[in-house]
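Written below as structure tokens is the structure these notes are about.
First the proteins, then the strands, lettered A, B, ... as listed; each starts at 1.
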Number of protein chains: 2
Amino acid sequence: MTQLAYIDEYKTAEAHSSSVRVNAPTLNSFEQDTVLDCDAFRNLPILVVTKGAVGLQHMLGDGRQTISVIFFEGDVLDTRHFSKASGKLVCILPVTASLYNGDDFETMQRDSTQFQIEQSSNQARQHLYAAQHSVDLARKSAVEKLASFIFECRKRQQLGRQLTVCLRLRRTDIADYMGLRVETLSRAFSKLRKMQFIDSDDADEVHILNEPALRQLANGKTL
Amino acid sequence: MTQLAYIDEYKTAEAHSSSVRVNAPTLNSFEQDTVLDCDAFRNLPILVVTKGAVGLQHMLGDGRQTISVIFFEGDVLDTRHFSKASGKLVCILPVTASLYNGDDFETMQRDSTQFQIEQSSNQARQHLYAAQHSVDLARKSAVEKLASFIFECRKRQQLGRQLTVCLRLRRTDIADYMGLRVETLSRAFSKLRKMQFIDSDDADEVHILNEPALRQLANGKTL
DNA sequence: CGAATAGTTGAGTAGTCTCAAAACAGGTGG
DNA sequence: CCACCTGTTTTGAGACTACTCAACTATTCG
């Protein structure tokens, strides 16, 4: 059961009426490029992304920009923790999200071992994504970064072995996320196309033509 | 003694009948460069670093190496989550760590709200470090990366405003962590010294001579 | 002392960034 | 329907940074 489904069940189940009442989540929409002010979420600090993507965006002193983390559908994010962060939470796509009360969330964790484990493994998953992202950023070339990004997209959208992947993000945001300039990213796309590893009708959609080769490239094997 | 031997000793020991239903942790030492095999920790998967540092090390296909995450003193790491990771856990310094049973850990979380909140904020802290690390890797130059690393060391060793920081890690590991080659890192040190931002008697110790300037540099402000 | 490991320095190369301009939508109003 | 605007993506030329490979120095340890 996904965490989201669990929460929904929890709040509607009569079995829990004996314990503390859990409030229904409020569903919210934010348009693209909205900055989420963490302080504004003080009363409902837990945010579960149900559609779109939220990025943690950072700006260096001279204007260089980075997106360090991206939260996609199903990712849970506790805004209380991000008020201390150096960046700001920005909707890099139109977003819908459910908001939860912090106390409710903690109550649910205490009441249900299942939920607690789910929540903990969710956090661990986020941590692993972050670690993998550091690997991608640290020593990979532009094309390798792009190849890695395509696989990350596929994995996080749970597309399995599907060969058509929607990137969904704007070029600027992909570039910010992968630590590249838009121009370099664009050149990387051209190279992958020229190498016949990918193909794309639409700017947003990528068809993987040679998955093994693309995988090798993403893993830094010199072909 | 091997890791498995430690764990076997724990399993057969009688001394764990503490007053509460939570078993006493076992304290273990690992020498530098030991690789921690996650499977060997199956019975006591929760590892709390009490001394030294554990790194999550990744190797690209052609030999390029990276350390994506570092766990220092006080950091909690659940080895169950890292068996899925692309990298391996390596003691990049001599390490001592307490091991906990997974069920005990979950019980402690349920029994103590205090503990649960602490654990959750610990995970959040790790996540923020990871995010900040991505920012450091993404678009910063070599000297900026080094400046950032010095501040990260100070912060994570809880040295407050102290101007003398022990890096403790080997140059190779710092380079792997910051996504640089050792040579480039060495040149970055030289540059910071020449700029009179830092000073060092010992290779391991860094005296910050001009904190504001170093901070600005770390934040990407062109001076 | 000599071997081995860790760290520094130097010269040339490859790759990314910068800046500038051109191509390409998508939407607006005449 | 077309010209126009705005924002995004692509392409090109030159500068600059970090990498590679190599030699050299320092330190540790048998």
Side-chain angles (χ1 to χ4, degrees), chain A residues 31-33 60-67 92-94 136-149 166-195 198-206 217 220 222-223, chain B residues 31-33 60 62-67 92-94 136-149 166-195 198-206 217 220 222:
Chain A
E31 55 181 60
Q32 194 165 29
D33 298 322
L60 294 190
D62 65 346
R64 277 170 287 176
Q65 210 168 256
T66 309
I67 293 174
I92 54 180
L93 288 175
D136 293 343
L137 290 176
R139 307 285 312 276
K140 290 188 182 176
S141 70
V143 272
E144 289 167 348
K145 285 180 179 178
L146 177 53
S148 305
F149 178 73
C166 273
L167 304 181
R168 296 166 60 215
L169 270 47
R170 287 170 295 203
R171 291 282 189 267
T172 326
D173 294 325
I174 301 177
D176 283 352
Y177 185 55
M178 299 314 293
L180 296 170
R181 305 259 57 207
V182 207
E183 297 93 323
T184 310
L185 181 69
S186 173
R187 281 181 250 270
F189 269 108
S190 306
K191 278 179 197 163
L192 285 189
R193 269 193 292 265
K194 196 175 289 171
M195 290 194 274
I198 64 161
D199 179 11
S200 52
D201 319 331
D202 184 356
D204 189 43
E205 235 179 41
V206 167
L217 188 64
T222 46
L223 300 173
Chain B
E31 54 182 59
Q32 194 165 29
D33 297 323
L60 294 191
D62 64 346
R64 279 170 286 175
Q65 210 169 257
T66 309
I67 294 173
I92 54 180
L93 289 175
D136 292 344
L137 289 176
R139 305 287 313 274
K140 291 187 181 177
S141 72
V143 274
E144 288 167 351
K145 284 180 179 178
L146 177 53
S148 305
F149 179 74
C166 274
L167 304 182
R168 297 166 61 220
L169 269 47
R170 285 169 298 202
R171 292 283 190 268
T172 325
D173 294 325
I174 301 176
D176 283 351
Y177 186 55
M178 299 314 293
L180 296 171
R181 307 259 56 207
V182 205
E183 298 94 321
T184 311
L185 179 68
S186 176
R187 280 182 251 271
F189 270 108
S190 305
K191 277 180 198 162
L192 286 189
R193 269 194 292 266
K194 195 175 288 170
M195 290 194 275
I198 64 162
D199 181 9
S200 53
D201 317 331
D202 185 356
D204 189 45
E205 235 179 42
V206 167
L217 188 64
T222 46

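Rounded to an integer number of Å, the gap from CD of Glu144(A) to P of dG15(C) is 10 Å. With rounding to whole Å, Leu180(B) atom CG is found 15 Å from dG7(C) atom P. At whole-Å resolution of the value, CG in Leu167(B) and P in dA6(C) are 17 Å apart. Rounded to whole Å, atom P of dT16(C) lies 12 Å from atom CG of Leu146(A). Straight-line distance from the CZ atom of Arg181(B) to the C1' atom of dT17(D): 15 Å, rounded to whole Å. The CG-C1' distance, from Asp204(A) to dT9(D), rounds to 13 Å in whole Å. Nucleotide dT9(D) holds its P atom 17 Å from the CG atom of Leu192(A), rounded to whole Å. In this structure, Arg139(B) places its CZ atom 19 Å from P of dG15(C), rounding to the nearest Å.
At a threshold of 4.5 Å between non-hydrogen side-chain atoms, the residues Leu192(A) and Val206(A) do not count as touching. Looking at Ile198(A) and Arg193(A), their side chains come closer than 4.5 Å, going by heavy atoms from C-beta outward. At a threshold of 4.5 Å between non-hydrogen side-chain atoms, the residues Leu185(A) and Met178(A) do not count as touching.
Checking each of Asp173(B), Leu169(B), Leu167(B) against Arg171(B) for a side chain to side chain contact (heavy atoms under 4.5 Å, CB included) leaves exactly one that passes, namely Leu167(B).
In the set dA6(C), dT16(C), dA18(D), dA6(C) carries the atom at the smallest distance from any side-chain atom of Arg170(B).
Taking CG from Leu93(B) and CZ from Arg170(B), the interatomic distance works out to 7.5 Å, rounded to the nearest 0.5 Å.
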> How does protein contact run along nucleotides 8-14 of chain C, one letter per nucleotide 5' to 3', with B for base contact, S for sugar-phosphate only, - for none, heavy atoms under 4.0 Å?
Replying inline: SBBB---
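Of the possible donor and acceptor atoms, none in the side chain of Ser186(B) sits under 3.5 Å from a partner among the backbone N and O of Val182(B).
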